[in-house]
Amino acid sequence: MVSEINIGGSTVPVACNGFTPIVFSREFSVERPGGSRPKDINEDVSMILEVNAVSSVTPIVPMLEIFYACAKTANPKIKPFKDWIGDFPPDAYDLERSGGWSADVMEIVKENFFPHANEDVAAETAEATDAAAADGAAK
């Protein structure tokens with residue numbers, strides 16, 4: 001389980017739990033005609049999955065928003081989003097670098113939104129292992 005993410009020489013504590021989607025919705029909104037509405041964390045998760053299905057580069061905005069929501073879950077007193085991401089060094093936005101913060105955020109997404117995706121599902125053995133027994137012909 002990811003509990004901290006290193007970025008730009010700093011360690012950021014993170015947590016993802018039942019409160020994280022609420023934190024996310026309080027921080028981010030979707031603008032639309034007639035006003036805005038709170039954004040759902042599943043919108044970002046879906047965007048990440050859609051883009052990853054066709055590209056090797058992860059979409060940065062959804063990753064940053066999820067990262068921030070997890071950081072704010074761990075520490076409710078962190079800076080506002082714009083200031084928080086402004087503290088990142090310029091090279092922090094290189095999503096192709098292996099082992100960077102985006103890989104840790106992706107691990108959080110996998111652990112918390114798709115916890116059973118990597119489990120091996122073993123096929124159950126049939127009750128009757130031979131054709132005669134399955135057919136009821138064994139007498």
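As the structure is a computational prediction, the values presented were derived from the model and not from experiment.
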(request) Could you tell me which non-hydrogen atom of C70 sits nearest to which non-hydrogen atom of C16, and how far apart they are? (result) SG-CB, 4.0 Å

(message) Just to verify, which of V109, I41, V45, I48 counts as forming a side chain to side chain contact (heavy atoms under 4.5 Å, CB included) with P62?
(response) I48

(message) Distance check, rounded to the nearest 0.5 Å: I7 atom CD1 versus D104 atom CG?
(response) 9.5 Å

(request) Identify the heavy atoms of M63 and M106 that sit nearest to each other, and give their distance. (result) CE-N, 3.7 Å

(message) I'd like to know if the side chain of T20 and the backbone of N17 have a donor-acceptor N/O pair within less than 3.5 Å.
(response) yes

(message) Who clusters with V51? Use side-chain heavy atoms, under 4.5 angstrom, across I, L, V, M, F, W and Y, and order the result by chain and number.
(response) M47

(request) If the plane angle is over 60° it's perpendicular, under 30° parallel, otherwise tilted; pick one for W84 and F88. (result) perpendicular

(message) For a side chain to side chain contact (heavy atoms under 4.5 Å, CB included) check, start with the C-alpha distance between W101 and L64, then their side-chain angles and the critical distance, and finish with the verdict.
(response) CA-CA 9 Å; W101 66 267; L64 285 169; 3.5 Å; yes

(request) Determine, using the 4.5 Å side-chain heavy-atom cutoff (strictly less than), whether I78 and I22 are members of one ILVMFWY cluster. (result) no

(request) First locate atom CZ of F24, then atom CG of D44, and finally report the distance between them rounded to the nearest 0.5 Å. (result) 3.5 Å

(request) Verify, without hydrogens or angle tests, whether S29 (side chain) and K39 (backbone) share a donor-acceptor contact under 3.5 angstrom. (result) no

(request) Side-chain contact test, heavy atoms from C-beta onward, threshold under 4.5 Å: evaluate it for I108 versus F67 and give yes or no. (result) no

(request) Under the side chain to side chain contact (heavy atoms under 4.5 Å, CB included) rule, what do F81 and E65 come out as? Steps first, then yes or no, please. (result) CA-CA 8 Å; F81 181 67; E65 290 176 344; 4.3 Å; yes

(message) Between V14 and T73, is there a side-chain heavy-atom distance shorter than 4.5 Å?
(response) no

(message) Please tell me whether F19 and V105 are part of a single hydrophobic cluster in this structure, the criterion being side-chain heavy atoms less than 4.5 Å apart.
(response) no

(request) Kindly work out whether a path of hydrophobic side-chain contacts (I/L/V/M/F/W/Y, heavy atoms less than 4.5 Å apart) joins V61 to I5. (result) yes

(request) First locate atom NZ of K82, then atom OH of Y68, and finally report the distance between them rounded to the nearest 0.5 Å. (result) 12.0 Å

